[in-house]
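Note sheet for the following structure.
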Amino acid sequence: MLASKVAILLAKRMTINQTKQIHAAILVNGLLDLESLLVQQIINSASSYSYYTSHYIKLVLNHVQNLDVFSVASTIRFYSRHCQFREAVNLYGKLQRCGLSPSTFAVSSALKACARILYRSGGISIHAQVYKYGFCNVVYVQTALVDFYSKVGNMDFARSIFNEMVEKNIVSWNSVLGGYVKSGDLTMAQSVFDEMPEKDVISWNSMVYGYARMGNIERAYALFRQMPERSSASWNAMISGYVDCGKIELARSFFEAMGQKNNVSYIILISAYSKSGDVESAEELFGKLHKKDQLVYNAMIACYAQNSWAKEALQLFNAMLRLDLQPDEMTLASAISACSQLGDLKFGSWIESFIHETGIQMDDFLATSLIDLYAKCGSIDKAHKLFHGLKKKDLVAYTAMILGCGINGRAKDAIKLFDEMMNAEINPNIVTITGILTAYSHIGMVEEAYRCFISLQKYGLAPSVDHYAIVVDLLSRAGRLEEAHGLIKSMSIQPHAGVWGALLLGCSLHNNLELGEIAATRCIELEPDSSGYLSLLANIYASSGRWDDAERLRKGVEEKGYNKLPGCSWMEEVKA
DNA sequence: TGTGGCGCGC
């Protein structure tokens, strides 16, 4: 009775709720052989991927007592199609743990997922199983392997599997071609392209993309014009090519000229505008796009976060959650960066618990954004713990940690990390230097800071105005006012008020009237609206007994209105 | 074919 009812329902497209009820009935009545049908029905009825569907699929799979290869394989493909590659790989692992033999279908889907997330060891172990189960001569599996090794950059393996294939299809040809393009070997790519028995739009796109990416935009454009047919990807290859060689205006012209723009076209331009600091243009494009997917949101949230529009980043992140769009590691890395910029530990911690709840993979990017958040909000121990858990400590991770130690007064730890980084042969960048200078500054290690500053050129770095400001601040506080003044005079770039302000502060601390007057004059020239500099100079006059001058300046301050903002902290209170 | 983490202290 129930079985026939289920069969009727299964023939139709069901809502998730109907599916839930049927599953309950199946379990109550012990009709386990219907479960497999049900799982496939869920997959078919879930037309889109949302937090809700993914959650429900997991729930059903966990309760399925009679798991079969068919259901699992179609679920793996479902995940792959909706870009949930980690889920796909995890499910393949589960299939094995259940003692089931994979099908060729499951193997090729899982390999595709490994290729997309560059999960090297996962793909290699699936390769081993290909031998074990005797799938070596299955074209789909061989092609998936060629694609996997091409995508992870192992062209020797990709080529040898490709050469062994008795029967090659156009996908296998395109996979090796794409691999050579990706590794930048345009000579090999061109020879594969010339050798191909037939070419499709994907083959042409790879070549256009390859030449564009290598900066040979003329050759890319020549091929683009020669193409027998063009897809959106052909246009996008040209757009990203122009972006890569810094010709954003030309990229925009191609974008405007293309007929059917897709989300990728928008993402390429949004991230290009983001990198050039043009948030308004990125916003304008984002607003024009009607059907926005997760990745478009990621690009726009990242754009806000990278350009210090932290509030806007979090607003958009919230909007994304309200629309039931699943955030991934990339979304969260940007959102946490925005929290860190605002000192919003509360929301940042909420995101961290969200990561643990939803089982999102904590990768090094995400961990680094959390390190930065915790370090800035005073939880340096938490930051340390995350830092030690990183799979690979890179420049950005070291820099975040060095800065964190620096602002928390742990200068010695910062210096230790800096040495460790140098030993690992990771070259510092401008940001790292800011961090280490801040650390030195906090414990008044003037000589070391100065030496570090002087040795900037060793790393091929040019000191920024801000670096000068830190060093001038350091020298001035230590009373080395003449040296500080000399350093400013030697600058090849224009000092800003922050640089002269640092000297002025030092002069006020050490009662140096002569240099104080020079510094104050410069500050007032550069920032006439700020009254703080006048107050500092007034203090110097007062300390030198020049009461009339001090009084004159104080009156000036009163007339201007007191612009100095009261001191405040961006940090949320941290409960001990 | 696309998206992510690090910038003094006033």
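Predicted, not measured: the structure shown is a model, and the values here were computed from it. Chain A is the first sequence line, chain B the second, and so forth, proteins listed ahead of strands; every chain is numbered from 1.
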What nucleic acid atoms does [X] come within less than 4.0 Å of, heavy atoms only: base, sugar-phosphate, or nothing?
{"X": "A:Gln306", "answer": "sugar-phosphate"}
{"X": "A:Asp473", "answer": "nothing"}
{"X": "A:Ala302", "answer": "sugar-phosphate"}
{"X": "A:Leu295", "answer": "base"}
{"X": "A:Asp372", "answer": "sugar-phosphate"}
{"X": "A:Lys275", "answer": "sugar-phosphate"}
{"X": "A:Ile407", "answer": "sugar-phosphate"}

Between [X] and [Y], does the ring centroid distance fall short of 6.0 Å?
{"X": "A:Tyr468", "Y": "A:Phe453", "value": "yes"}
{"X": "A:Phe255", "Y": "A:Tyr266", "value": "yes"}
{"X": "A:Phe254", "Y": "A:Phe224", "value": "yes"}
{"X": "A:Tyr398", "Y": "A:Phe418", "value": "no"}
{"X": "A:Phe85", "Y": "A:Tyr119", "value": "no"}

**Item:** Residue among A:Tyr180, A:Trp204, A:Trp173 satisfying ring pair (Phe, Tyr, Trp, His ring centres under 6.0 Å) with A:Phe193
**Value:**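 Answer after filtering A:Tyr180, A:Trp204, A:Trp173: A:Trp204.
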**Message:** Is there a side-chain hydrogen bond (donor to acceptor under 3.5 Å, both in side chains) between A:Gln341 and A:Ser337? Walk through the geometry before answering.
**Reply:** CA-CA 6 Å; A:Gln341 289 169 36; A:Ser337 161; 3.3 Å; yes
**Prompt:** A:His442: what forms a ring-ring contact (aromatic ring centres under 6.0 Å, His included) with it, not counting sequence neighbours?
**Reply:**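 Partners of A:His442 under the ring-ring contact (aromatic ring centres under 6.0 Å, His included) test: none.
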**Complete:** Under the rule of Watson-Crick or G-U wobble with both distances under 3.5 Å, where | means paired to another strand and [ ] a crossing pair, DNA chain B maps to ..........
**Prompt:** When you list every nucleotide of DNA chain B with an atom under 4.0 Å from a heavy atom of chain A, which one comes first 5' to 3', and which comes last?
**Reply:**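 In short, chain A contacts DNA chain B from B:dT1 to B:dG9.
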